[in-house]
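Have a look at the structure below, then the notes.
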Number of protein chains: 2
Amino acid sequence: VIRLESVVKIYRIGTVDVPALRGISLEFLRGSFTAIMGPSGSGKSTLLNVIGCLDRPTSGRYFLEGRDVAGLDDNARSDLRLHHLGFVFQSFNLIPQLTVLENVELPLFYQDIPPTESRQRALEMLEMVGLSDRTHHRPVELSGGQQQRAAIARALTTNPSFILADEPTGNLDSATGQQIMELLANLHQRGRTIVMVTHEPDIAAWAKRRVLMRDGLVHAIQDSIP
Amino acid sequence: VIRLESVVKIYRIGTVDVPALRGISLEFLRGSFTAIMGPSGSGKSTLLNVIGCLDRPTSGRYFLEGRDVAGLDDNARSDLRLHHLGFVFQSFNLIPQLTVLENVELPLFYQDIPPTESRQRALEMLEMVGLSDRTHHRPVELSGGQQQRAAIARALTTNPSFILADEPTGNLDSATGQQIMELLANLHQRGRTIVMVTHEPDIAAWAKRRVLMRDGLVHAIQDSIP
Ligand SMILES: Nc1ncnc2c1ncn2[C@@H]1O[C@H](COP(=O)(O)OP(=O)(O)OP(=O)(O)O)[C@@H](O)[C@H]1O
Ligand SMILES: Nc1ncnc2c1ncn2[C@@H]1O[C@H](COP(=O)(O)OP(=O)(O)OP(=O)(O)O)[C@@H](O)[C@H]1O
Ligand SMILES: [Mg+2]
Ligand SMILES: [Mg+2]
């Protein structure tokens, strides 16, 4: 269960305040599949960053499985991210100097999984997203959609219970996008909790609930028609 | 007029050859508006890079307004890009250390336009894409869609006769995406030649012709139903 209470996030640029989140109260039940939509700049990525413990709220409270997360120190948060959260970034965030395979293995390496086992696991994930023939490429040698799929593979490699995906199909053609959504739907059916930001209604349709943001606030919540 | 004859592009990764383009012959008439679609990895960005003189073909010929471009040296190609081509990159390619305004002004600066005039022009473009209140932000302080719009503003700032856009709405919500497409349609009506890569059929519908790629080749060409 993920619970946010009156979460506010204000960025300070010089003397200007940018209120990215203006008071978000939301709950995500275990095993739920939620899509977050809204205009560019409405706070979707910021919300996901707070949920993913990548960013601290300016005020408000954030509970992850009952624990007050905002209060934890950086090491504890980093630990949470490593063991429970899989994050697909809007701009991929692959490490340029490492190959695709090394990028996907990295979280397992940090979890102290033995090298042969993490290599095996990473190769399985890369096969799942259709990148088996690109394992020794570096990110700059990949197409936009291939980089996106590598980022997805990396997020899923630790088999996390929470999957946070920011525009996971933004650079994918419809067919490949469908494959990725089937993968996510499958993980959802096996009990994972998924929060996905998307601007495409066809992709949002895969989720069971839609949260619409506007100007740093929750504007509406729609339960999908079964 | 843009003409490609049997253009081949092979990337070499160590000992492996990746044939990104396997023989492309295509023509783009002056004032045309073409959408390029196709699966992830099919060669769309590579094709756009060749057209935009950012990459040289391995073999084949490329004529821009009648001139054999592939034969030109780097300075001549760089000059072509600066004065005739506006390029919106799939991954934005904004300079992290510069503000949005400085990023958008940069091409004008390279054209030796006086500072007051280039600042004015850049501000106009930023207003057109809805970023007037983000001019002093740095790219990392922007949302994904805001970065995309800054990249679009920068491409259009020199009023280029050829606009090459790689997934220009990939990170934009539907409403903002429509605004950007109206902007491009307007430029097209005023005589610009536009080549746009997209994976979204709704966006491709704004173009007058659709080129479908598959595995580094042109698979089909569809003229749009008027
Ligand atoms: N710099 C590079 N070095 C090596 N291989 C490359 C390089 N750039 C692209 N490739 C390869 O060339 C192929 C075509 O890439 P390209 O970026 O043109 O695809 P795309 O159609 O734009 O895909 P997407 O829709 O995913 O953006 C891909 O298989 C990719 O791995
Ligand atoms: N690091 C930062 N510093 C300052 N301002 C920021 C920062 N990150 C985001 N912002 C601002 O916060 C607002 C919300 O950004 P956010 O990235 O959450 O939007 P978004 O809904 O994900 O947009 P998009 O759909 O374009 O990706 C934006 O107006 C942006 O300018
Ligand atoms: Mg975002
Ligand atoms: Mg591409």
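Side chains are part of it too, since the values below use all heavy atoms of this structure and drop only hydrogens, waters and symmetry mates. Proteins come first, then strands; the chains are lettered A, B, ... in the order of their sequence lines, and each starts at number 1.
- Side-chain contact between B/Leu48 and B/Met196: absent, with no pair of heavy atoms (C-beta onward) separated by less than 4.5 Å.
- Pairing each heavy atom of B/Val8 with each of B/Gly23, the nearest pair is CG2-N, 3.8 Å.
- Of the two parts of A/Val16, neither the backbone nor the side chain holds a non-hydrogen atom closer than 4.5 Å to a non-hydrogen atom of chain B.
- The nearest pair of heavy atoms linking B/Leu108 to B/Ala122 is CD1-N, 4.4 Å.
- Taking the side chain as every heavy atom from C-beta outward, B/Val195 and B/Ile163 never approach each other to under 4.5 Å.
- Per-residue counts of heavy-atom pairs under 4.5 Å with chain B were compared for A/Gly41, A/Ala20, A/Pro39; the largest is that of A/Pro39.
- Residue A/Leu217 holds its CG atom at 8.5 Å from CG of A/Leu21, rounded to the nearest 0.5 Å.
- Residues B/Val197 and B/Leu164 form no side-chain contact, since every pair of their non-hydrogen atoms from C-beta on lies 4.5 Å or further apart.
- Taking the side chain to side chain contact (heavy atoms under 4.5 Å, CB included) definition, one finds that B/Ala153 meets it with B/Val104, B/Met125, B/Leu126, B/Val129, sequence neighbours left out.
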Polar pairs (donor with acceptor) under 3.5 Å from chain B to chain A:
residue	atom	partner	partner atom	Å
B/Ser40	N	A/Asp173	OD1	2.6
B/Ser40	OG	A/Arg149	NH2	2.8
B/Gln90	NE2	A/Asn171	OD1	2.9
B/Arg149	NH2	A/Ser40	OG	2.8
B/Asn171	OD1	A/Gln90	NE2	2.9
B/Leu172	O	A/His199	ND1	3.4
B/Leu172	O	A/His199	NE2	3.0
B/Asp173	OD1	A/Ser40	N	2.6
B/His199	ND1	A/Leu172	O	3.4
B/His199	NE2	A/Leu172	O	3.0

